[in-house]
Protein chains: 2
Amino acid sequence: MSGPTVHDVAKAAQVSLATVDRVLNNRGGVSSKAEAKVKAAVAQTGYVRNMAAANLSRRRVYRFCFVVPSGDTGFVALLQAALERERDRLVEEQILIQIIPTHAFDVAGQVAALRNLDCDAVAIMASEAPEIQEEVSRLRASGVRVVTLVADLPQSDREAYVGLDNVAAGRTAAEFMGRFLGDSGEILMIAGSLSSRDHNERLMGFRRVMQERFQHLTLLPAVEGNDDAQSVERLVSEASAARPLVGIYAIGAGNKGLVRAVQKADAKPVTIVHELTPTSRQGLRDGTIDLVLDQDTSAAVVAAVRIMRDLTEGRDLPADTGKIRLNIFSRENIQ
Amino acid sequence: MSGPTVHDVAKAAQVSLATVDRVLNNRGGVSSKAEAKVKAAVAQTGYVRNMAAANLSRRRVYRFCFVVPSGDTGFVALLQAALERERDRLVEEQILIQIIPTHAFDVAGQVAALRNLDCDAVAIMASEAPEIQEEVSRLRASGVRVVTLVADLPQSDREAYVGLDNVAAGRTAAEFMGRFLGDSGEILMIAGSLSSRDHNERLMGFRRVMQERFQHLTLLPAVEGNDDAQSVERLVSEASAARPLVGIYAIGAGNKGLVRAVQKADAKPVTIVHELTPTSRQGLRDGTIDLVLDQDTSAAVVAAVRIMRDLTEGRDLPADTGKIRLNIFSRENIQ
DNA sequence: AACAAATTGATTGACGTACCTCAAATCACA
DNA sequence: TGTGATTTGAGGTACGTCAATCAATTTGTT
């Protein structure tokens, strides 16, 4: 009823079980002739290893860590929730998820967190600092598989990145901004931090499409909101007091402040923000926010786990691995 | 190292392994006192059943069927590809996927396919015909779990629907159409079939938002393209010859014809279509198509498998189960 | 107290794979 | 042909759970 087993392979290859085992788990000490026979038998019988039995036998437990910024609002809260959901689901598949919270810009703390890991693979969302890249190298050297999550560390030894194509996200934002805005006018771009890679990539994509396709719109110099509602509110208020804004592209967190400022402004600018949180969802509903570009945290976590598993099992990763789709939410399709 | 086992539970509950087993698999013949002790021990030790071992022991193999329309172009081809990918991946988790191709509108054939099933659960994409709903009831009665895929059969005995919220899809199309179009003008809606539920729901959503928010735009009566490129091309050509079209909402298949007609037309209408296929992708790239609303076939298949598994294991389904996210693609975010 | 019925315990053999040991067979090379 | 190295075979134990049997104990009823 269920597929062929190693016994069937051994029979088909006319060798002993031990030899099949040696080939399958390349333990060496097998003549090339025997190896060929076994491989042929595998192909012929259509044998696939029963992973459940294999893992059971070797008492294998996958231990994956997630080193991510903590917080109980906004994106990080969603990520946290997604992680906990997945953790509960994965226990019964013998996959143990450990969530290690850090502080968003605390490099030292992140390094410390990475230093004390004891697991097969780790997913990291951390600052792009040399100390952290070194830690990644150290982890890799000690046999831990490393993937980056949401924020990439492309210069590091990480083996995969799970998250958005941030340039494409910025380009998409610009496209919708341009198409929603018929007339000319000035657009405000607010990043969380101008020194973070992902925010910069979004800015870059946004700027480029604006320049390529919507030259009648004017981009104000990007400002830094520090992912903080109060700063964002002040920046938006000041900008729209100085001149009429037709559009706002908010790249980082702090949308609560953005919503407050937009509601007080005289004219309603086209507002595009990132991440579907309770705040931005409400903004969509009441019309303060026009579009939310979102990376699905659940999808990211699921993808990360899958990749970590593939890596620890020594499988090679499929081509499009880790690309998280950009979700676009408007008031008509918030779920 | 790995979690507590039944042995630990037995020890903690001060009962025998056999009693733990009786409670865990509710075989009956256990005093309520013992049952309580075991349950307390499970909670206290944090025991979770090792599914791999359980399935191995009872030699369980999940057998899931997918009864879906075949074809080598458009959406059904994508679905087919997604199914095959998942099938290959799932073999090693002891999940056997059988793909049973049918013809799109061949109700008799679909009924026949459903009649010969031998599996634990089935995912069906079929016409909304009484014969099929009866077949679904029969399957359910014989213990097969049934979910609908992409096209729902809400009147039937199916236990879950995996697919888009088609009303929301239509509403979203209307919103973007309205926002892209500043001026007034006439909009053409082309459905595949006016008698199919999903197409009707999309139309309904589209119409409603147009009426609620964009009354300066005029909707022409919906036409039927029969998911066929030639029909669609003819319909679009005729419509745009008769009057200037500012927008086209194409709900079904046949986008090849749509693209040809739009390219020949004098004025370029805002064009929104469904499903990201090679054709619509190309349309986005060359500017013929402005927006593609897509339901991710991979996501749908993965969700369906997960639900079928939950169902056959007797777990109850999470609340938001089966809702497939509406992906919105523009030329800047085709991946 | 006697007896049947209900409950509990002890034990066993799968499931498919990993991993180990020890002995037997085959090989390479002088 | 003999020696040592390499390759192969046979067999066992373990992983955690299921499913079953049979004996032992407790419980309830008269």
Side-chain angles (χ1 to χ4, degrees), chain A residues 1-39 41-42 45-63 90-96 312-314, chain B residues 1-42 45-63 91-96 312-314:
Chain A
M1 189 92 287
S2 86
T5 74
V6 277
H7 296 81
D8 301 316
V9 175
K11 220 174 293 171
Q14 315 228 53
V15 298
S16 74
L17 247 164
T19 300
V20 173
D21 177 60
R22 285 188 262 257
V23 173
L24 253 36
N25 300 294
N26 26 250
R27 300 188 206 281
V30 179
S31 69
S32 49
K33 207 176 63 181
E35 187 176 336
K37 276 205 290 184
V38 170
K39 284 188 173 159
V42 166
T45 57
Y47 167 81
V48 282
R49 176 193 252 109
N50 182 333
M51 267 298 166
N55 289 341
L56 177 62
S57 153
R58 59 153 74 104
R59 220 175 323 178
R60 185 151 199 15
V61 179
Y62 297 93
R63 283 145 67 243
L90 290 169
V91 197
E92 67 184 33
E93 292 183 39
Q94 304 302 110
I95 299 180
L96 303 182
T312 54
E313 272 172 11
Chain B
M1 188 92 288
S2 87
T5 73
V6 276
H7 294 83
D8 302 315
V9 175
K11 221 174 293 172
Q14 317 228 51
V15 297
S16 75
L17 251 167
T19 301
V20 173
D21 177 62
R22 286 188 261 256
V23 173
L24 253 35
N25 300 295
N26 26 252
R27 301 189 206 281
V30 179
S31 69
S32 50
K33 208 175 62 179
E35 187 177 338
K37 277 205 290 183
V38 170
K39 283 187 174 159
V42 166
T45 57
Y47 167 82
V48 283
R49 174 193 252 112
N50 183 333
M51 266 299 167
N55 289 341
L56 177 61
S57 145
R58 58 155 74 102
R59 223 174 322 179
R60 183 137 193 34
V61 180
Y62 298 93
R63 281 145 66 246
V91 194
E92 65 184 35
E93 292 182 38
Q94 304 301 111
I95 299 179
L96 304 182
T312 53
E313 272 172 11

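All values below come from the heavy atoms of this structure, side chains included, with hydrogens, waters and symmetry mates left out. Note on naming: letters A, B, ... go to the chains in the order of the sequence lines (proteins, then strands), and numbering restarts at 1 for each one.
Nearest-nucleotide assignment on DNA chain D puts the 5′-proximal partner with B:Val48, out of B:Val48 and B:Ala18. Checking A:Tyr47 against A:Lys33, the closest nucleotide of DNA chain C that is more toward the 5' end is the one next to A:Tyr47. Between B:Gly29 and B:Arg59, the residue whose closest nucleotide on DNA chain C is further toward the 5' end is B:Gly29.
The separation between B:Glu92 atom CD and C:dT17 atom P is 12 Å, rounded to whole Å. The interatomic distance linking A:His7 (NE2) with D:dG11 (P) rounds to 12 Å, in whole Å. A straight line from CG of B:Leu24 to C1' of D:dG16 spans 12 Å, rounded to a whole angstrom. Nucleotide D:dT7 holds its P atom 15 Å from the NZ atom of A:Lys37, rounded to whole Å. Counting to the nearest Å, the P atom of D:dA19 and the CG atom of B:Asn55 are 11 Å from each other. D:dT25 atom C1' lies 17 Å from atom CD of B:Gln14, rounded to whole Å. Going from atom CG of B:Leu56 over to atom P of D:dA19 covers 12 Å, rounded to whole Å. Atom CZ of B:Arg22 is separated from atom C1' of C:dT11 by 12 Å (rounded to the nearest Å).
A:Arg49 comes within contact range of the sugar-phosphate backbone alone, with a heavy-atom separation under 4.0 Å but no base atom that close. Among the protein residues, B:Ala54 comes within range of the sugar-phosphate backbone only, with heavy atoms under 4.0 Å from sugar or phosphate atoms but none that close to a base. At a threshold of 4.0 angstrom between heavy atoms, the contacts of B:Asn50 are confined to the sugar-phosphate backbone, with no base atom among them. Residue A:Ala52 is out of contact with every strand shown, counting any heavy-atom pair closer than 4.0 Å. Residue-level contact check: A:Asn25 touches the backbone only, with heavy atoms under 4.0 Å from sugar-phosphate atoms and none from bases. A:Arg60 comes within 4.0 angstrom of no nucleic acid atom, judged by non-hydrogen atoms across all strands.
In this structure, B:Arg58 does not reach the C:dC15 phosphate: none of its side-chain N or O atoms is under 4.0 Å from OP1 or OP2. Phosphate proximity of D:dA19 to B:Ser57: absent, as no side-chain N or O sits under 4.0 Å from OP1 or OP2. In this model, the phosphate group of D:dT8 is approached by a side-chain N or O of A:Ser31 to a distance below 4.0 Å at OP1 or OP2. The side chain of A:Thr19 places no N or O atom within less than 4.0 Å of a non-bridging phosphate oxygen (OP1 or OP2) of D:dT8. Proximity of A:Ser16 to the phosphate of D:dG9: a side-chain N or O atom is located under 4.0 Å from OP1 or OP2.
Remark: side-chain polar atoms of B:Asp21 are not paired, donor with acceptor, to backbone N or O of B:Leu17 under 3.5 angstrom.
Heavy atoms only, all atoms of each residue included: B:Val38 and B:Ala13 are closest at CA-CB, 3.9 Å. Nearest approach of A:Pro4 to A:Thr45, heavy atoms of both residues: CG-O, 3.3 Å.
Nearest to the side chain of B:Ala34, among D:dC18, D:dT8, C:dT8, sits C:dT8. The nucleotide whose nearest atom lies closest to any side-chain atom of B:Arg27 is, among C:dG9, C:dA18, D:dA19, D:dA19. Of the listed nucleotides (C:dG16, C:dG9, C:dA18), C:dA18 has the atom at the smallest distance from the side chain of A:Asp21.
Here B:His7 contributes atom NE2 and B:Ser16 contributes atom OG; the two are 11.0 Å apart, rounded to the nearest 0.5 Å.
Taking 4.5 Å as the limit, every side-chain heavy atom of B:Asn25 sits out of range of all side-chain heavy atoms of B:Arg22.
Annotation for A:Gln14: atom CD does not count as buried by contact number, only 12 or fewer foreign heavy atoms lying within 6.0 Å.
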